[in-house]
Each structure stands twice: as C-alpha cells, then as structure tokens.
**Student:** 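Before anything else, here's the structure in question.
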Amino acid sequence: MVRTSPSPAVFRFAPSPNGYLHLGHALSALINADTARACGGRLLLRIEDIDPARCRPEFEAAIIEDLEWLGIGFERPIRRQSEHLEFHHTSFEMLKRRGLVYPCFCSRAKLGRAVAALEERGGEKWPRDPDGASSYPGFCRDLDADEIAKRIGAGEAHAWRLRVARASEVAGPLTFREHDAAEPGSPRRAVKAEPLAWGDVILLRRDAPSSYHLAVTLDDAAQEVTHVVRGTDLRAATSIHRLLQALLQLPEPSYHHHRLILDEEGRKLSKSIASTSLRQLRASGASPLDIRERIGLSA
Ligand code: GLU
C-alpha cells in the first residue's frame, strides 16, 4: 500500500515595502519561521506592493536583507502582489457580475466633510469601523445605472466597494478558525465573523489597482497558505477575508493573531519611527539574538 504523507502546513510573512521593518515585523516573521521549522512546514514571503505611491523597490530589497540577517530563509520565487493584478481583477469581476460591488465616486476629502456634517446634524459621532475610520455612509450605494455609466464614461475617479450587507446575506453566517498559538496542532476555536462591522469596504481603490482585503485574501488562496499568522491588529479584518473566501469559494486557512510590540506610550510601532527599525538596531550593534530577546522570543 502506498502511504501519502499529509501536505506540509504553509505559512507566510506578508510585509508591505513602504518602509523599513521594525521589531513588530521581526516578531511576526520569526513566529512564522519558528513555527514552520518546528512543524516541518513551508515558509513563504509575499511582498504586498499594490500601493504604487508608497511602495518602493529599495524597501523590498531592505526587507529581504533584514530577514536574511535575522536568519529567516524563504522559498523562492517571492510573490509580489503587483505581478498578479489580473488575477485580482478576474475575481473582482466575478463579484461584479453578481451585483455585489458598486462604484464609489466619493473622495476621502468629500467623505471627511460629509461625515463631519452628519455628526454635527445628528449631535453624535458617526459609527466607526474596527480600524477607527468612519463607516461609509453609502452615498454611492444606490446610484442608477445611467448615472454610473455617464460618470465612469466621463473618466470620473472611483473606487469599488463591496455591498457588505448583501454579500453577508448571500454567504450566510460565517466563522473563522483561530488557533491559540501559531502551531497547527494548538487548541482552536470558531470565531464569529462580523463583516457588517466594517460597512462597505473598498475592494478596488481609486488610487491603486486592488486593495488590501482583496489582495491578501486572493493571494493567501493562490499560495495555498494553510496558516495565517499575523498581529492582533488584523484580527477584525479576518471577518472580511472570511466573507470574500466564502463568496469566491476559496479555501479557508486557519488563523493565529499574535501579540503586538508596543512603544513606551503603548502605541503600535510604526515604520516611521527609526529607533525600532531593524536596520537602526543592527547599525547600533544589536545581534539577531538581541532582537529575539527584546521581543520576548527564546533563542
Ligand atoms: N501587508 C500587511 C502589513 O504589512 C500584512 C498583511 C497580512 O499579514 O495579512 O501590515
């Protein structure tokens, strides 16, 4: 009898090349790498470079150099999201054909003013999404087809939003699988997905050819990622990713959202703070082991 061994777990680290990696990225990359090594899994690197205004090749080169310095090796070739936009568009078209997306002509400035006016009129704060941004008030949700055709025909800039309420109805109630630790065998539970908390999220940006939510969901599926291990700041976004997986009939990875590294004021680290960048720490004499120690990982 031929015995087939189970396929290895597939992990990925997926940074955006819009700045230098910091200690928070080191934690995420190392948890992925340590776990992949411990369970005989694969480790992939994906460069999330869909934002042409902020992503730069020199940051991608720096990411690879910093990860190699930390002792993390990745399978080659490395996937760049910007090289797979056609795939994002084909999937988007499937949602479009099903009436699950609509074009939105509102600029960020217009939305800011409109929400301020709504708050003034209503006397209370407009609802926020889990990231703290104002929920989309729906101005473009019900434009008629003629107006849409005219405005797009005239070249008016627009994004495409997901009709989250309708999409949730189509998909029905959803959960995602969350592990307590990054290890595939660790205890896991079903977490209720709450996509409605986000409102009508953008799937194709007006200033970029895809969006974080669409790209991350599609590329995790394309790369056959089985275990998404990332920070707790992205846990809420998983509800949207789970909804897109259900709509597009993509496989469902399991998730582990790890702790974040915070600065002295308790804020999430940012790429703009040089003091926690891996390059700066390396230049000031830190070793990869010092980095592990500083972020609470054993040697
Ligand atoms: N590209 C995202 C970031 O740099 C991470 C995406 C993910 O892990 O899902 O924050």
Side-chain angles (χ1 to χ4, degrees), residues 9-33 35-36 41-56 59-60 62-64 66-67 70 72 74 78-85 88 130-133 176-179 182 191 193 195 198 201-203 205 208-245 250-262 267-273 276-278:
V10 182
F11 295 81
R12 59 38 166 203
F13 176 57
S16 299
N18 55 12
Y20 294 119
L21 296 186
H22 54 56
L23 289 171
H25 297 110
L27 179 69
S28 206
L30 285 166
I31 293 178
N32 272 289
T35 316
R42 296 168 55 203
L43 179 61
L44 310 176
L45 173 63
R46 183 168 70 236
I47 299 294
E48 303 219 317
D49 60 347
I50 54 164
D51 186 341
R54 298 179 62 216
C55 295
R56 303 220 301 260
F59 288 133
E60 179 187 315
I63 285 171
I64 294 168
D66 288 348
L67 293 171
L70 280 176
I72 301 176
F74 294 91
I78 289 165
R79 186 178 178 96
R80 278 186 206 91
Q81 287 189 319
S82 60
E83 292 169 357
H84 299 275
L85 295 173
H88 297 180
D131 274 352
F176 57 88
R177 280 173 292 157
E178 175 140 58
H179 284 260
V191 179
W198 286 94
V201 289
I202 289 180
L203 287 193
R205 286 165 49 170
S210 189
S211 66
Y212 163 64
H213 293 306
L214 187 65
V216 81
T217 306
L218 292 174
D219 285 345
D220 280 338
Q223 292 190 286
E224 300 180 358
V225 170
T226 58
H227 291 76
V228 173
V229 175
R230 59 187 177 191
T232 51
D233 52 336
L234 292 170
R235 177 185 281 126
T238 305
S239 289
I240 291 290
H241 306 166
R242 185 67 201 100
L243 175 59
L244 290 173
Q245 285 155 6
L250 302 172
E252 182 195 347
S254 55
Y255 292 87
H256 169 65
H257 297 100
H258 59 70
R259 67 189 162 90
L260 299 180
I261 306 284
L262 304 176
R267 289 173 311 206
K268 217 174 90 173
L269 298 185
S270 132
K271 281 182 174 138
S272 54
I273 309 171
T276 59
S277 91
L278 297 180

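The shown structure was predicted, so the numbers you read here are calculated from the model rather than taken from an experiment. Numbering of ligands and ligand atoms starts at 1, following listing order.
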**Student:** I want to confirm something. Looking only at heavy atoms, which of Ala14, Gly24, Ser28 is nearest to atom 5 (C) of ligand 1?
**Tutor:**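 Minimum heavy-atom distance to atom 5 (C) of ligand 1 goes to Ala14.
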
**Student:** At under 4.0 Å between heavy atoms, is it the side chain or the backbone of Leu234 that contacts ligand 1, or both, or neither?
**Tutor:** side chain

**Student:** Does a donor on one side chain sit under 3.5 Å from an acceptor on the other, for Thr232 and His258?
**Tutor:**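 Looking only at side-chain atoms, His258 and Thr232 do not form any donor-acceptor pair under 3.5 Å.
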
**Student:** Is there side-chain contact between Asp219 and His88, with at least one heavy-atom pair below 4.5 Å?
**Tutor:**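 Yes; the side chains approach each other to less than 4.5 Å.
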
**Student:** Identify, by atom number and element, the atoms of ligand 1 in contact range of Arg12, meaning under 4.0 Å from any of its heavy atoms.
**Tutor:**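 By the 4.0 Å cutoff, the relevant atoms are 7 (C), 8 (O), 9 (O).
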
**Student:** Inspect the contact between Asp220 and Arg46 and indicate whether a charged nitrogen and a carboxylate oxygen are less than 4.0 angstrom apart.
**Tutor:**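 Judged by the 4.0 Å cut-off on N to carboxylate O distance, Arg46 and Asp220 do form a salt bridge.
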
**Student:** Could you list which atoms of ligand 1 come closer than 4.0 Å to a heavy atom of Ser16?
**Tutor:**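 Within the 4.0 Å cut-off of Ser16, ligand 1 contributes 1 (N), 4 (O).
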
**Student:** With heavy-atom distances below 4.0 Å as the criterion, list the atoms of ligand 1 near Glu48.
**Tutor:**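 Going through ligand 1 atom by atom, the ones under 4.0 Å from Glu48 are 1 (N), 2 (C), 5 (C), 6 (C).
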
**Student:** Do His22 and Ser270 get their side chains close enough for a donor-acceptor pair, meaning under 3.5 Å?
**Tutor:** no

**Student:** Check if Tyr212 has a non-hydrogen atom at a distance under 4.0 Å from any atom of ligand 1.
**Tutor:** yes

**Student:** Is the His227 ring parallel, tilted or perpendicular to the His179 ring (thresholds 30°, 60°)?
**Tutor:** tilted

**Student:** Answer with yes or no whether the side chains of Glu48 and Gln81 bring together a donor and an acceptor at under 3.5 Å.
**Tutor:** yes

**Student:** With respect to Arg230, determine whether any N or O atom, backbone or side chain, lies less than 3.5 Å from an N or O atom of ligand 1.
**Tutor:** yes

**Student:** Looking at Val216, which atoms of ligand 1 are within less than 4.0 Å of one of its heavy atoms?
**Tutor:**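 Those of ligand 1 that fall under 4.0 Å from Val216 are 9 (O).
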
